[in-house]
Amino acid sequence: MSSTEPDALLGPADIRDLAAKLGVRPTKQRGQNFVIDANTVRRIVRTAEVRPDDVVVEVGPGLGSLTLALLEAADRVIAVEIDDVLAAALPATVQARMPERADRFALVHSDAMLVTELPGPAPTALVANLPYNVAVPVLLTMLERFPSIERTLVMVQSEVADRLAARPGNKVYGVPSVKANWYADVKRAGAIGRNVFWPAPNVDSGLVSLVRRTEPLATKASRAEVFAVVDAAFAQRRKTLRAALAGWAGSAPAAEAALVAAGISPQARGEALTVEEFAAIAEHKPEVSSL
């Protein structure tokens with residue numbers, strides 16, 4: 001597939017040398033922890049099941065560890081980087097270490113939360129080592145804005161991975177779990193040790209796989225309407241849905257009526273409901289009188 005040499009990927013010394021030349025010091029503000037282990041990035045690419053015809057979007061490529069591994073396997077890679085210095089340096093790194101694939105790489109210098117379009121063919125996969133502090137909003141935003149993304153594999157803080165992949169009834173099941181499940185089938189796909197990063201984080205990391213639903217959720221409610229119910233239910237997660245959804249419905253009795261109409265017990269709590277059940281509630285939101 002690719003004539004790339006084994007040493008094209010970045011190792012620990014390469015990462016530190018590159019960072020030193022650029023004057024880069026990883027910042028906690030942007031959640032920067034660079035992967036320094038070539039075996040780890042290749043494992044991520046394998047776990048993501050990147051195919052030769054894939055157009056992969058990567059958020060937060062940093063110095064390019066994962067970018068180079070993705071270029072080995074995919075047809076095209078589009079990297080979205082917010083950092084000025086890192087964004088300026090990445091194309092040169094790709095050209096120097098993988099010149100035969102450089103024309104298959106594109107850089108978008110922007111905050112991923114602000115990106116509404118990407119250059120070239122539509123992305124088919126999202127693979128990224130997401131900064132811990134923005135992982136969930138970035139993931140959900142990319143899934144919303146780019147429906148062509150069929151498969152996603154993200155590396156996130158282990159605790160975040162647990163939340164994303166949690167099922168109803170689990171104590172960490174919450175807003176990220178439900179919203180991710182609106183788009184995709186979500187599951188944990190492995191653990192990543194701390195020693196493969198520089199600097200080593202003080203938390204463990206996990207891989208999360210998201211395979212987009214082949215058919216959108218069957219509901220007459222919009223995504224925004226369903227998410228409004230989810231947000232309301234978990235804003236007061238210890239309360240029954242009758243109480244937690246009172247503000248959303250206009251009153252506790254109105255919330256109870258919507259729940260009963262949706263076939264949900266008013267005494268249930270949000271942590272027990274599937275995304276389909278939240279959608280059913282959204283379909284029965286009471287009409288608000290203009291009087």
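Values reported hereafter were calculated over all heavy atoms of this structure, with side chains retained and with hydrogens, waters and symmetry mates removed. Remember, predicted model here, so these are calculated numbers, not experimental data.
Looking only at distances, a side-chain donor or acceptor of Thr124 sits under 3.5 Å from a matching main-chain atom of Val55. A donor-acceptor pair is defined here as one N or O able to donate and one able to accept, closer than 3.5 Å; no such pair exists between the side chain of Arg76 and the backbone of Ala106. Remark: the backbone N or O of Thr116 is not paired with any side-chain donor or acceptor of Arg145 at under 3.5 angstrom.
Here Glu144 pairs with Arg223 under the side chain to side chain donor-acceptor pair (under 3.5 Å) rule; sequence neighbours left out.
For the pair Leu139 and Leu126, the minimum side-chain heavy-atom distance is below 4.5 Å. You'll find the side chain of Thr67 reaches within 4.5 Å of the side chain of Val77, heavy atoms only.
Under the 4.5 Å side-chain heavy-atom criterion for grouping Ile, Leu, Val, Met, Phe, Trp and Tyr, Val260 is not connected to Ile281 through any hydrophobic cluster. Hydrophobic clustering of Ile, Leu, Val, Met, Phe, Trp and Tyr side chains at less than 4.5 Å, counting indirect connections, keeps Val211 apart from Val186. By the criterion of side-chain heavy atoms lying less than 4.5 angstrom apart, applied directly or through intervening Ile, Leu, Val, Met, Phe, Trp or Tyr residues, Val178 is not grouped with Val172; the two fall into different hydrophobic clusters. Residues Phe227 and Leu140 fall within the same hydrophobic cluster, defined by Ile, Leu, Val, Met, Phe, Trp and Tyr side chains chained together at heavy-atom separations under 4.5 Å.
For Asp54 and Arg151, the salt-bridge test passes: some basic side-chain N is under 4.0 Å from an acidic carboxylate O. Salt-bridge check for Arg42 with Glu72: passed, with a basic side-chain N closer than 4.0 Å to an acidic carboxylate O. Using a cutoff of 4.0 Å between basic side-chain nitrogens and carboxylate oxygens, Arg213 and Glu150 are not scored as salt-bridged. Looking at Asp231 and Lys179, a side-chain N of the basic residue comes within less than 4.0 Å of a carboxylate O on the acidic one, giving a salt bridge.
Between the OG atom of Ser209 and the CD atom of Glu49 there is a distance of 7.5 Å, given to the nearest 0.5 Å. Atom OG1 of Thr40 is separated from atom CG of Leu9 by 11.0 Å, given to the nearest 0.5 angstrom.
Under the 30°/60° scheme for interplanar angles, the aromatic rings of Phe278 and Phe234 are found to be tilted.
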**Report entry** Criterion salt bridge (Lys or Arg N to Asp or Glu O under 4.0 Å) on Lys285 and Glu225, from CA distance to verdict
**Finding:** CA-CA 9 Å; Lys285 182 172 184 177; Glu225 289 168 337; over 6 Å; no
Report task. For the pair Asp14 and Arg97, evaluate salt bridge (Lys or Arg N to Asp or Glu O under 4.0 Å) and give the outcome as yes or no after the intermediate values. Result -> CA-CA 11 Å; Asp14 300 314; Arg97 302 191 74 91; 3.6 Å; yes
Requested in this report: Applying side chain to side chain donor-acceptor pair (under 3.5 Å), run through His109 and Asp83 and close with a yes or a no.
Outcome: CA-CA 8 Å; His109 180 195; Asp83 186 285; over 6 Å; no
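For the residue pair Glu283 and Thr219, a side-chain donor N or O sits within less than 3.5 Å of a side-chain acceptor on the partner.
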